[in-house]
Each structure stands twice: as structure tokens, then as C-alpha cells.
Protein chains: 2
Amino acid sequence: MAFPSDRTPHGALGRQPLYAQVRERIVAAIESGEWDAGEALPSEFELADRFGVSQGTVRKGLDALVAEGVLRRRQGLGTFVAAVDDDWGRALPFGARQPIEATVELLSCSRVNGGEAAEALELRPGAPLISVVRLVRVLNEPFAVIESAVSLERFEGLDARRIRQADCNLRAVWWREFGLRVQSRSPVFRAVRAAREEARILGVSLDAPLLEVSAIAEAMGGGPVEWSVSRCRTDQYAYSVDGG
Amino acid sequence: MAFPSDRTPHGALGRQPLYAQVRERIVAAIESGEWDAGEALPSEFELADRFGVSQGTVRKGLDALVAEGVLRRRQGLGTFVAAVDDDWGRALPFGARQPIEATVELLSCSRVNGGEAAEALELRPGAPLISVVRLVRVLNEPFAVIESAVSLERFEGLDARRIRQADCNLRAVWWREFGLRVQSRSPVFRAVRAAREEARILGVSLDAPLLEVSAIAEAMGGGPVEWSVSRCRTDQYAYSVDGG
DNA sequence: TAGTGGTCTAGACCACTTG
DNA sequence: AAGTGGTCTAGACCACTAC
């Protein structure tokens, strides 16, 4: 079903190229829940008809979303909405190139008043945040502690139950419960000494070197949404990014 | 109307799409030195004529190289060969997003017989390599030590003089002297304790935590060429990737 | 066989930069 | 005004996957 406004792309939407407008409309449709993860989109020609453009233009819009990891295509089959990846990178055995599967566990979900995180999220200093702390295990051994923070106002109603329901995949929660597809920007790395609390949780000695990975994730429409910092022990596995 | 096979030799090498062949031929021309860094390529229509394809097909080939950072386009001006970036990431002041300029200095260039590096480069165990050690300074303070290794056989004639002539930018040497455009794959990260030698060079205490970044760089035609491992102190600046 | 993504063309027009 | 990249179309055909 095509809304009348679907066929007037040259109008008031700010003169972006048509393929960019197509991309935005598809993102909006995904965020609105029109197609779920794993579900097929209409064919390129159907989308072209719906948006009033040619197949090549639809295709260029889809290309961008495939490159961003939001969509996957299989020739002869269709175009599908990708599952939301968990964000925190991958654990690589030394020398290997294939990451090892990891499990994630929720340690805490609490309200805090943000300092550094609030600034990174472009909120006022001391704005109320929700802080989520998770533990990543590889082969049942502790690998990383991830602290994530989001605006309390924007994610009202977030609690431990909802996070566990989504297998502790925060990106999945943002999408299913709050209608936001979120993606990380380039992370930033440091090497630090383990503090007491981290050392205890990760099972390393005090002052052991830990890899610190800080990242800010943005909604696809723009604007920072999620601040996170991971601390990883890298004595057994190395850390690689590879994921949005 | 010309069939693709009329003008393009895609019978033997496994039928790649025309735009991929265009990409390869442009890479080959760049590596052969037909256009230098900063120089403009012929217009899209001229290239289309030269390769016997349409402008849209040339454009799609150029798109790929622009995405890889090999080319830059400016509307109304032309398409230009990008300068080769140095590889080892960027030093970021905490909280900032703009990296700080760094200077690179050559510490040594010597022949070694490779262990881990030879394996990563898909050479036989113990194959002769050239090892290049460089020091990166930020605001004149030591920031990172980079050890790189390449096949001695492939890069015969490499010496300290040639490296210094290129301002210690190894990628520039690979291109100008050996005709190879080289790009990094995803790096891998660890946190380690500083060994004696590194601690001395970087000016940190023994056992201080250092960020270790390992990467393998490949030629654009495929195949690993350069193995490298950096050790960075991250007490003053954080480390970000951002570059191919 | 029918429907999907994947490629390619020829031509048109727009937006930008330089003389 | 001329030349460049940037966008868009309509239609064609190919390659793959299902039924």
C-alpha cells in the first residue's frame, strides 16, 4: 500500500538525493517494526513502485544499508532485515581469525547521575542515566566487563527483566522496545591497570593490564544514544572489532 | 551494440562483473605509476571509452576505490589518487575526537629470520625478513613503537635511506619503490606489560600497561605483505583506528 | 517457470568548478 | 561556457532459488 506522500519525494524533505530518501524511509519502516529481523523486504521493483522511483535508485539505497550491516541480500531469494549485533567486539584466540562464541550475563541495571557519560551523550551535566553492567564469558571464563549508559528519560521503563528477555543484547532491546536501530562509531582504545572491583570479577591480579574499549553508539537518524566502556583481559584471547 | 566479450577479456580469469574489472585495471594503472598521488584521473566518460563500458559502470568501479580510500572525488573538479596513509592509527587526546599530529622516526632496519611474522605472511617458517622498527612521537613525547616485517625476497634493496626519504612512511615506500598499494585488515588488540626495551624507549616504568595492536596489511590484488605490531603508551592519549 | 537480486547500457539532466 | 562529478530513468539481460 502506497501512501500519497510516498510518491512525492521531491517535495519538502530537504533536497537529498532520491536514493538517500529511499534509505531513510526504509530505516523508518524497519524501526517502526514493519519488517522484523530475518523477514524479507518487498522486491526492489515493488519498493520502486511504492516510492515512485526506479529500481536502480532503490538498489542504491539498499546498497548503503547492506554496507551498514542493516540488511542482507541473497540473490534469487530476497533482501532481509539483519539481526542486531551485540556491540562489544569479538574474542580471538591468538593467531586465529575466527572469533570464539561468547555468552553475556547481566550484572546490574541501576540509575546513576552521569558525569563523563552524560557529556558524551550530549545531555546536561549530571543528567539521570541508566547504567547497565554486563559480564562477557568465553568458554565460561570471564573475558570482559561492559558498562553501558543511556539517558533515563529516553529509555524510561528499562529494567533487568527486559534486558534478560533479550539475552542481554542491549541493541536488541533498543530496537524491540524503543524502536531505535543503533550502531557504534569508531571505538577508542587504552591499556589500563585493573582496579579492585574489575580484578575480582575478571579473576586477574590487581594491577594486571586490561584493554579498555570506549565507544559511543548512534541512532541511524543521528545523535548519540549509548555510551559504553569495556575492560577486557587479553591474556587468553585478543580483541577485535569487526562489528558495527 | 557491443557484447561485453567483444572488448573485454573476461573469458579466462573467472567472469567478474565489468565494474570489478574496471576497478582492477585502475588499480593496476595506479600501481604502475600512470597517475601519481594527487594527480587527476581521466574523466569518467574517457575511462568508459578506454575500457569499452558505460559511464555508470566506470562509476561503480570508482565508487569501490573511493570507499577503500584509494581515490578521492570532487564534484566539478575530477577524481584524484589519494596519498598513501601511514598505517598505525591515531593518537587521541582524552575526550577529543580529532587526532593529534604525530612524527615518525626510524629506529632500525635489519634482516631477521621470521617466526610469527613469517607465518602471518604465508612464507615458509624461518624465511628471511626485513624488520623495520619505528618510533612515533606526539608533541615530541614517545607514544608508540612499531615493528613491521616484510619478505626480504620481495622487498630486496629496502634500506634505511629509502625509508627516511619517504619520511618513514612505509606505505609510501611500498608504492613508490615497489609498486604496491597496501592496506591493513582489521587489527587485533591486547593489553600487555612493558618489557625492558620498550619501557626504556617509551619512557614508562617496567611492567606499565601498554596497548598492543597487531595488524596484517594486504596488497590490493590480495595476499599478505606486511606484518606489524605496535606497542603504545596510553596514559596521555588514547588510540583510535579510523584509517585503512 | 516465475520471481528475486545483480549487472549493464544509453541517454538525460543537475550541481559544481574553473576560465 | 565548458568540463567535471552526481543522479536518475527505462529497459534489457543474466544468475540464482524456489516450486
Side-chain angles (χ1 to χ4, degrees), chain A residues 2 6-11 13-26 30 35 38-82, chain B residues 1-11 13-26 30 35 38-82:
Chain A
D6 277 345
R7 286 196 149 270
T8 53
H10 303 75
L13 238 116
R15 262 211 334 288
Q16 276 189 312
L18 287 184
Y19 70 84
Q21 298 178 35
V22 166
R23 177 195 167 283
E24 283 188 3
R25 289 176 186 224
I26 292 174
I30 291 174
W35 312 298
E39 219 171 315
L41 270 61
S43 77
E44 295 179 346
F45 283 97
E46 281 182 83
L47 289 172
D49 190 52
R50 163 166 167 179
F51 296 136
V53 300
S54 72
Q55 176 255 1
T57 300
V58 167
R59 188 165 180 80
K60 191 161 180 182
L62 294 177
D63 280 344
L65 292 170
V66 168
E68 294 172 53
V70 178
L71 299 177
R72 317 223 157 190
R73 281 195 283 222
R74 285 186 56 194
Q75 184 171 7
L77 266 182
T79 303
F80 303 86
V81 180
Chain B
M1 173 71 63
F3 281 16
S5 54
D6 282 347
R7 297 194 190 170
T8 52
H10 65 195
L13 274 163
R15 256 218 334 290
Q16 276 189 309
L18 288 183
Y19 69 85
Q21 298 178 35
V22 166
R23 177 196 167 282
E24 282 187 3
R25 294 176 72 166
I26 292 174
I30 291 174
W35 312 298
E39 219 170 316
L41 270 60
S43 77
E44 295 179 348
F45 283 97
E46 280 182 84
L47 289 171
D49 192 51
R50 164 167 167 178
F51 296 137
V53 300
S54 71
Q55 176 254 0
T57 300
V58 166
R59 187 164 181 81
K60 191 161 180 181
L62 295 177
D63 280 343
L65 292 170
V66 169
E68 294 172 53
V70 178
L71 298 177
R72 316 223 159 191
R73 281 195 284 221
R74 285 187 54 193
Q75 185 171 7
L77 265 182
T79 303
F80 305 84
V81 180

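Numbered from 1 within each chain, the chains take letters A, B, ... in sequence-line order. Fair warning: this is a prediction, and the values are worked out from it, not measured in the lab.
Listed by chain and residue number, B/E44, B/F45, B/R59 satisfy the side-chain contact (heavy atoms from CB on, under 4.5 Å) test with B/Q55 (two or more places apart in sequence, or in another chain). In terms of the salt bridge (charged side-chain N to carboxylate O under 4.0 Å, His left out) criterion, residue partners of A/R23 (sequence neighbours excluded) are, by chain and number, A/E68.
Checking the phosphate oxygens (OP1, OP2) of C/dC16, no side-chain nitrogen or oxygen of B/R74 falls inside 4.0 Å. In this model, the phosphate group of D/dT7 is approached by a side-chain N or O of A/K60 to a distance below 4.0 Å at OP1 or OP2. Taking 4.0 angstrom as the limit, B/T79 places a side-chain polar atom (N or O) nearer than this to OP1 or OP2 of D/dG5. Regarding contacts with the backbone of C/dC8, every side-chain N or O of B/Y19 stays at 4.0 angstrom or more from both OP1 and OP2.
As rounded to whole Å, 16 Å separates atom P of C/dT4 from atom CG of A/L71. At whole-Å resolution of the value, CG in A/D49 and P in D/dC8 are 17 Å apart. A straight line from CZ of B/R72 to P of D/dG6 spans 14 Å, rounded to a whole angstrom. Distance A/E44 CD to C/dT4 P: 10 Å, rounded to the nearest Å. Between the P atom of D/dT9 and the CZ atom of A/F51 lies a distance of 13 Å, rounded to the nearest Å. For the pair A/L47 CG and C/dT4 P, the interatomic distance rounds to 10 Å; values are reported in whole Å. Regarding B/F80, its CZ atom lies at a distance of 12 Å from the C1' atom of C/dT18, rounded to whole Å. A straight line from CG of A/L41 to C1' of C/dT4 spans 13 Å, rounded to a whole angstrom.
Distances were taken from every side-chain heavy atom of B/S54 (C-beta onward) to each of C/dT9, D/dG6, C/dT4; the shortest belongs to C/dT9. Residue B/L18 has its side chain nearest to C/dC8 when only D/dT9, C/dC8, D/dT7 are considered.
Within 4.0 Å of B/R59, counting heavy atoms only, lies at least one base atom of the nucleic acid. At the heavy-atom level, B/G78 lies under 4.0 Å from the strands shown only through sugar-phosphate atoms.
Contact check for B/R73 versus B/L62: side-chain heavy atoms found under the 4.5 Å cut-off. The side-chain heavy atoms of A/L71 and A/I30, taken from C-beta on, include a pair separated by under 4.5 Å. At a threshold of 4.5 Å between non-hydrogen side-chain atoms, the residues B/R25 and B/R50 do not count as touching. In this structure, B/L65 and B/I26 have side chains that are in contact, with non-hydrogen atoms separated by less than 4.5 Å. Two residues are said to be in side-chain contact when any heavy atoms from C-beta on lie closer than 4.5 Å; B/E39 and B/F80 fail this criterion.
Taking for each of A/G56 and B/D63 the nucleotide of DNA chain D with the nearest heavy atom, the 5'-most of the two is the partner of B/D63.
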Tabulate atom names and distances for all N/O pairs under 3.5 angstrom spanning the protein and nucleotides 12-16 of chain D.
residue: D/dA15; atom: OP1; partner: B/R15; partner atom: NH2; Å: 2.5
residue: D/dA15; atom: N3; partner: A/Q75; partner atom: NE2; Å: 3.0

